[in-house]
Amino acid sequence: DEAQDLNPVTMAIARGLQIPVVTVGDPHQHIYSFNGAKDGLCADHADVELRLTRSFRFDPAVAWVANKVIALKGEWRLLSGAR
């Protein structure tokens, strides 16, 4: 699953590993809190954080709407659609 919807058990297993861990996800898509999921992206400090703001899944019109919605949540990085 994506890191924004990890459950506490999975997060504990990942933290217990003695190897580097890469997490991937989108905090704006955290939808499983009703099921005990935690936002694993915010739970741990990352040594490196890379933001992917360009999507080939949608066009600029969809990006425009998405930017309006996530701006309401305080997001200042803009998405761009490339379809």
Side-chain angles (χ1 to χ4, degrees):
D1 205 352
E2 293 181 347
Q4 77 272 3
D5 288 319
L6 292 176
N7 64 52
V9 173
T10 306
M11 288 172 57
I13 291 169
R15 283 192 193 109
L17 297 174
Q18 300 300 311
I19 59 172
V21 175
V22 175
T23 57
V24 177
D26 180 350
H28 299 297
Q29 295 183 38
H30 176 60
I31 59 172
Y32 289 105
S33 59
F34 72 90
N35 202 24
K38 306 293 180 193
D39 187 352
L41 295 169
C42 296
D44 291 319
H45 170 71
D47 293 328
V48 176
E49 182 177 316
L50 303 172
R51 297 283 180 151
L52 303 175
T53 57
R54 182 176 172 97
S55 177
F56 293 95
R57 292 183 173 183
F58 51 78
D59 64 18
V62 172
W64 182 85
V65 173
N67 285 323
K68 295 295 183 191
V69 172
I70 63 176
L72 296 172
K73 297 177 66 181
E75 181 62 62
W76 54 270
R77 289 171 283 259
L78 296 178
L79 301 174
S80 65
R83 194 181 224 184

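All figures in this text were calculated on a predicted structure; none of them were measured in a lab.
The CG atom of L79 sits 10.0 Å away from the CZ atom of R77 when rounded to the nearest 0.5 Å. Summarising the geometry, atom CG belonging to N67 is positioned 9.0 Å from atom OG1 belonging to T53; distances are rounded to the nearest 0.5 Å. The line from OG of S80 to CZ of F56 is 8.0 Å long, rounded to the nearest 0.5 Å.
Applying the salt bridge (charged side-chain N to carboxylate O under 4.0 Å, His left out) test to every pair with at least one member in residues 52-61, sequence neighbours left out, gives no pairs at all.
By the ring-ring contact (aromatic ring centres under 6.0 Å, His included) test, F34 pairs with Y32, sequence neighbours left out.
Residues G81 and A63 come closest through the heavy atom pair N-CB, 3.5 Å.
A 6.0 Å sphere centred on CG of L17 holds more than 12 heavy atoms belonging to other residues, nucleotides or ligands.
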